[in-house]
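Quick note: numbers below take in every heavy atom, side chains included, and nothing from hydrogens, waters or symmetry partners.
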Amino acid sequence: MRIIAGTARGRRIFSVSKNLPVKPISDRIKQSVFDILRPRLAGAMWLDLFAGTGNVSLEALSRGALRVVCVDREPACIKNIHRNLIHLGFEDRARVIKGDVLKPLDYLLSYSDNEGYDIIFMGPPYRDQNNKMLALSEPALKNVSSAKLLAPKGVIVLQTHKTEPFAVPEELEIFRVEKYGDTLVHFLRYKAA
């Protein structure tokens, strides 16, 4: 894995053990997502749920995000994200939290100075260790919505398997969807008043 653009462009980043059910975002999808988000990135408060390797948060910092908050429940992922932040010199602009995205997330609002996050990235795992399909997007979206984590003009970027069904909380809407093989990337925002 590597940083594609920005101040850390071309720098390699450490991954986690292949024994963990963590599948980093592909460079192709990452490049496309960041091309779409480019106008929103400078000075953004970024929240990465199901952070895994921290790949997208590191890219966001390299491209000008002000601060990132990474949340994952796997201790090896937390350790790896810290390692990468130090390696790239971004540790002063990031907070890494061991937490379960499927539990209430109200505590995360304070890390955004109670203003909400400009960009929330969610890349929940598609399958468990036994290759059984998971459906984590709907409960995760519900928790984000309940905790009011999205800033008023913010965007949620949700990466799912193309066969995963999910309901969108009533106050949100999908305004763009991109398809990459078996992966769909949904862009959500608050509905216009």
Side-chain angles (χ1 to χ4, degrees), residues 1 3-6 8 13 16 22-74 77-78 80-81 84-85 88 90 93-97 99-102 105 108-109 111-112 115-126 134 136-145 147-151 153-161 164 166 168-169 172 174-180 183-190:
M1 292 186 304
I3 302 295
I4 296 172
I13 52 179
V16 293
V22 175
K23 185 177 180 222
I25 189 171
S26 73
D27 278 355
R28 177 176 159 242
I29 297 173
K30 184 167 73 164
Q31 179 66 53
S32 178
V33 166
F34 277 94
D35 284 347
I36 293 165
L37 294 175
R38 183 179 297 134
R40 300 173 176 270
L41 267 173
M45 281 295 302
W46 178 284
L47 176 62
D48 189 355
L49 301 176
F50 305 100
T53 63
N55 189 350
V56 293
S57 288
L58 297 165
E59 188 76 35
L61 287 168
S62 180
R63 292 177 183 239
L66 178 65
R67 284 191 288 155
V68 302
V69 175
C70 300
V71 181
D72 202 282
R73 67 181 189 183
E74 177 57 54
C77 290
I78 299 297
N80 187 67
I81 294 168
N84 278 314
L85 287 165
L88 297 174
F90 292 149
R93 294 170 47 209
R95 183 79 183 232
V96 186
I97 299 166
D100 188 343
V101 179
L102 303 181
L105 301 174
L108 292 174
L109 191 59
Y111 296 111
S112 72
E115 299 291 325
Y117 296 89
D118 302 302
I119 301 169
I120 300 175
F121 183 87
M122 296 194 294
Y126 302 162
L134 298 169
L136 306 180
S137 299
E138 186 170 328
L141 275 173
K142 184 177 176 186
N143 286 347
V144 166
S145 180
K148 301 189 180 348
L149 297 179
L150 187 64
K153 295 187 178 187
V155 172
I156 297 171
V157 181
L158 172 64
Q159 179 180 318
T160 69
H161 189 272
E164 182 185 350
F166 64 91
V168 176
L172 298 174
I174 296 172
F175 67 94
R176 182 172 182 167
V177 179
E178 298 292 328
K179 186 175 189 298
Y180 311 91
T183 298
L184 294 178
V185 178
H186 311 266
F187 295 81
L188 299 92
R189 64 187 173 201
Y190 285 118

Once side chain to side chain contact (heavy atoms under 4.5 Å, CB included) is applied, do any residues pair with A151, and if so which ones, sequence neighbours excluded?
D118

What's the shortest heavy-atom distance between P124 and S137, and which atoms?
CG-OG, 3.7 Å

Under 6.0 Å from the NZ atom of K179, do we count more than 12 heavy atoms belonging to anything else shown?
yes

Distance (rounded to the nearest 0.5 Å) between S57 OG and F121 CZ
9.0 Å

Here the pair of heavy atoms bringing E164 nearest to L136 is OE2-N, 3.4 Å

Point-to-point distance, once rounded to the nearest 0.5 Å, from CG of N84 to CE of M1
6.5 Å

Minimal non-hydrogen separation, L61 against R93, with atom names:
O-NH2, 3.0 Å

Going by distance alone, is a donor N or O of one side chain under 3.5 Å from an acceptor N or O of the other, for E178 and S32?
no

Let me confirm one number: the OG-CG distance from S112 to L66, rounded to the nearest 0.5 Å.
11.5 Å

Counting N and O atoms only, with roles assigned by atom type, does the side chain of D72 sit under 3.5 Å from a partner on the main chain of A51, one being a donor and the other an acceptor?
yes

Step through the shown structure and confirm whether more than 12 heavy atoms of other residues, nucleotides or ligands are within 6.0 Å of CZ on R73.
no

Note: G52 and I81 closest approach over all heavy atoms is O-CD1, 3.5 Å

Once you round to the nearest 0.5 Å, how far does CG of L41 lie from CH2 of W46?
6.0 Å

Would you kindly check if the NZ (Lys) or CZ (Arg) of R95 is within the cone defined by 45 degrees around the ring axis of Y111 and under 6.0 Å from the six-membered ring centre?
no

Closest heavy-atom pair and its distance - Y117, L108
OH-O, 2.6 Å

Which is it for I156 and L150 under the side-chain contact (heavy atoms from CB on, under 4.5 Å) test, yes or no, and what are the steps along the way?
CA-CA 8 Å; I156 297 171; L150 187 64; 3.9 Å; yes

Just wondering, more than 12 heavy atoms not from K30 lying within 6.0 Å of its NZ?
yes

As a quick check of understanding, evaluate side-chain contact (heavy atoms from CB on, under 4.5 Å) for E115 and M45, giving each step before the final call.
CA-CA 9 Å; E115 299 291 325; M45 281 295 302; over 6 Å; no

Output the distance between atom NE2 (H186) and atom CZ (F175), rounded to the nearest 0.5 Å.
12.5 Å

Any side-chain donor near an acceptor of the partner, D27 and Q31, under 3.5 Å
no

Derivation and outcome, side-chain contact (heavy atoms from CB on, under 4.5 Å), residues V144 and L172:
CA-CA 11 Å; V144 166; L172 298 174; 5.9 Å; no

Starting from the C-alpha separation in whole Å, work towards a yes-or-no answer on side-chain contact (heavy atoms from CB on, under 4.5 Å) for I13 and T53.
CA-CA 9 Å; I13 52 179; T53 63; 5.6 Å; no

For F166 and E138 the tightest heavy-atom approach is CA-OE1, 3.5 Å

Of the options V157, L149, L158, which is the one that meets I120 in a side-chain contact (heavy atoms from CB on, under 4.5 Å)?
L149

Minimum side-chain heavy-atom gap I4-R63 below 4.5 Å
yes

Return the CE to CG distance between M122 and N143, rounded to the nearest 0.5 Å.
9.5 Å

Given side chains that start at C-beta, do those of I97 and V69 come closer than 4.5 Å, heavy atoms only?
yes

